[in-house]
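Worksheet: the structure to be examined is printed underneath.
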There are 2 protein chains.
Amino acid sequence: MARGQARGTVRRRLERPREQMLEAAMEAIAEYGPAEMTMAELARRVGTSGGHVLYYFGSKDQVLLETLRWSEEKHVPGRTALLTAGGSAMDRIPAFAGLYLPEGTADPRWLLWVHVWGRTLAVPALGETQAELDLAWHRDLVALLEQGARAGEFAPVDLEDFSVRLRAMLDGFSTQIVIGVPGATREGSIAHATAYARQALLPSPA
Amino acid sequence: MARGQARGTVRRRLERPREQMLEAAMEAIAEYGPAEMTMAELARRVGTSGGHVLYYFGSKDQVLLETLRWSEEKHVPGRTALLTAGGSAMDRIPAFAGLYLPEGTADPRWLLWVHVWGRTLAVPALGETQAELDLAWHRDLVALLEQGARAGEFAPVDLEDFSVRLRAMLDGFSTQIVIGVPGATREGSIAHATAYARQALLPSPA
DNA sequence: TCAAAATTTTGAATGCCATTCAAAATGCAC
DNA sequence: GTGCATTTTGAATGGCATTCAAAATTTTGA
């Protein structure tokens, strides 16, 4: 059926190799974790050889980095929706935190973040993509905050600074959630982040 | 000179094997990073064999975990000094943050934290020690805050909650500093943490 | 339509590493 | 001293990312 799959013989060319590999990598990471996912296992999942995966990506580090980027890109529409939703900015901050945080323990996107952090000093190339992905979150958070500022919801606050602080806090909570620190939950983290935001942004009740 | 080293022949028994190994591990981690430090290299540094290191620690994960604990324990006196220093609690918060944060890029203690995070799901035993070490920071921060609260420095605030939030934020900054995110510095992070603390804890200027 | 060139794919080395383990060396108790 | 327990060694073992030369396939250009 699928175009190009042809004549019942062994198919050789992969269809959209990168896409397929990234998808398979994501699943494998969700199952085993980044360190435990082997090139051989990933290859098996897309029906090819370990050497071939590296032909496309060059190294396991690159595979994981591209998988991180790929999983981050899937979050862009949700953030855009949040930014265009209208309504109070403050009321949208919990949802922003919800998008930022892992879905729960072993969320593959966040497993990748933590893994990649641990490899960045050894492989400096990893840092650039991270900075890029982080900047996207920063920009969107600042944009959301600016909506609130323009609407007069907030006290006069440096929004850039607040974004840096809130995201640092969210990184800390995310790490705890994804590695399964007992008691670390999405709900609790969202509550903490929201409480911080209210306190930092809302004009003092005077 | 050193006692027990004796008669110019090959020394066999190590003196305080754990101590020596932990010290050597710390140095090796500072040089290569936790992932790149091999059992063979660590063994070479203490003049023994790779198998012997594992005789003492059981696994590389354990070596790294114990090294983390060891490096954390070296911070206890500094924290205790801070707690007993007297004076305004708020004024001591920047110093607390300074103790918490990495000394700079590639600080081995923080390389270990990040590394261990990445292995916790695969090796759940790692979680317990982390929780213990984290609790020590939490307790000391809360103790410091309670001094401030008793002295009437602060608005009525849930100190436990604040400690959770501030440490999450510091974890985020620490990660950035240790992996060398451009622009992430101790000084900037201390300033952020301090600004947050002032805003969260001090009574509104009314 | 075909052959040469370029690209993709394979899978067998390679080399590194943590871990295991049986044997050897050493220390200790009596 | 002798026997037992502990420590230490270093040679396997098995798993892994990575390399690479050869094979298969597709594309190009006439």
Side-chain angles (χ1 to χ4, degrees), chain A residues 3-22 24-25 28-29 31-67 112 115-116 118-119 122-123 125-126, chain B residues 3-22 24-25 28-29 31-67 112 115-116 118-119 122-123 125-126:
Chain A
R3 229 184 56 67
Q5 218 158 285
R7 268 150 300 166
T9 79
V10 178
R11 201 227 293 94
R12 286 298 164 76
R13 277 299 214 275
L14 252 46
E15 293 262 345
R16 288 153 26 258
R18 284 180 64 88
E19 283 285 311
Q20 278 199 47
M21 289 176 188
L22 292 173
I29 290 159
E31 247 173 84
Y32 309 122
E36 291 72 23
M37 179 198 74
T38 68
M39 293 292 102
E41 167 65 12
L42 175 51
R44 199 189 56 68
R45 283 173 184 246
V46 288
T48 184
S49 65
H52 190 43
V53 175
L54 291 170
Y55 171 75
Y56 268 95
F57 291 97
S59 69
K60 179 175 177 180
D61 282 321
Q62 272 301 316
V63 172
L64 296 177
L65 185 68
E66 304 270 2
T67 308
L112 282 167
H115 183 89
V116 161
R119 299 211 45 70
V123 187
L126 299 179
Chain B
R3 229 186 54 71
Q5 218 157 287
R7 270 145 299 164
T9 80
V10 178
R11 201 224 298 92
R12 285 298 163 75
R13 279 298 216 277
L14 252 45
E15 293 262 346
R16 286 150 30 256
R18 285 180 64 88
E19 282 286 311
Q20 278 200 48
M21 289 177 188
L22 292 172
I29 290 160
E31 249 174 81
Y32 309 123
E36 291 71 23
M37 180 198 76
T38 67
M39 293 293 100
E41 167 64 13
L42 175 51
R44 199 190 56 69
R45 284 173 184 246
V46 287
T48 183
S49 65
H52 190 43
V53 175
L54 291 170
Y55 170 77
Y56 267 96
F57 291 97
S59 69
K60 180 175 176 180
D61 282 321
Q62 271 301 317
V63 173
L64 296 176
L65 185 69
E66 304 270 1
T67 308
L112 283 167
H115 183 89
V116 162
R119 298 212 44 71
V123 187
L126 301 179

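Treat the numbers as computed from the prediction; the structure is a model and nothing was measured. Lettering follows sequence order; numbering is per chain, from 1.
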- request: Rounded off to whole Å, could you give me the CE-to-C1' distance for the B:Met21 and D:dT7 pair?
  value: 10 Å

query: What does B:Tyr56 touch in the nucleic acid at a heavy-atom separation under 4.0 angstrom: a base, only the sugar-phosphate, or nothing?
result: sugar-phosphate

- request: For A:Tyr55, check side-chain contact (heavy atoms from CB on, under 4.5 Å) against everything at least two apart and list the hits.
  value: A:His52

statement: From CZ of A:Arg44 across to P of C:dT9 the rounded distance in Å is 19 Å

message: Run the salt bridge (Lys or Arg N to Asp or Glu O under 4.0 Å) test against A:Glu36 and tell me which residues pass, sequence neighbours left out.
response: B:Arg119

query: Any side-chain heavy-atom pair from B:Phe57 and B:Leu64 closer than 4.5 angstrom?
result: no

For atom CD of B:Gln62 and atom C1' of C:dT19, their distance in whole Å: 14 Å

message: Quick check on D:dT7: is either OP1 or OP2 less than 4.0 Å from any side-chain nitrogen or oxygen of B:Tyr55?
response: yes

- request: Taking side chain to side chain donor-acceptor pair (under 3.5 Å) as the test, write out the residues that go with A:Gln62, two or more places apart.
  value: none

message: Suppose the criterion is salt bridge (Lys or Arg N to Asp or Glu O under 4.0 Å): which pairs have a residue in residues 46-59 of chain B, not counting sequence neighbours?
response: none

- request: Let me have a per-nucleotide readout for nucleotides 11-18 of chain C, 5' to 3', with B, S or -, counting only protein heavy atoms under 4.0 Å.
  value: B-----SS

- request: State the pairing partner of C:dA25; accept Watson-Crick or G-U wobble contacts with both distances under 3.5 Å, and report none otherwise.
  value: D:dT6

message: Tell me every residue that passes side-chain contact (heavy atoms from CB on, under 4.5 Å) with B:Arg44, counting only those two or more places apart in sequence or in another chain.
response: B:Glu41

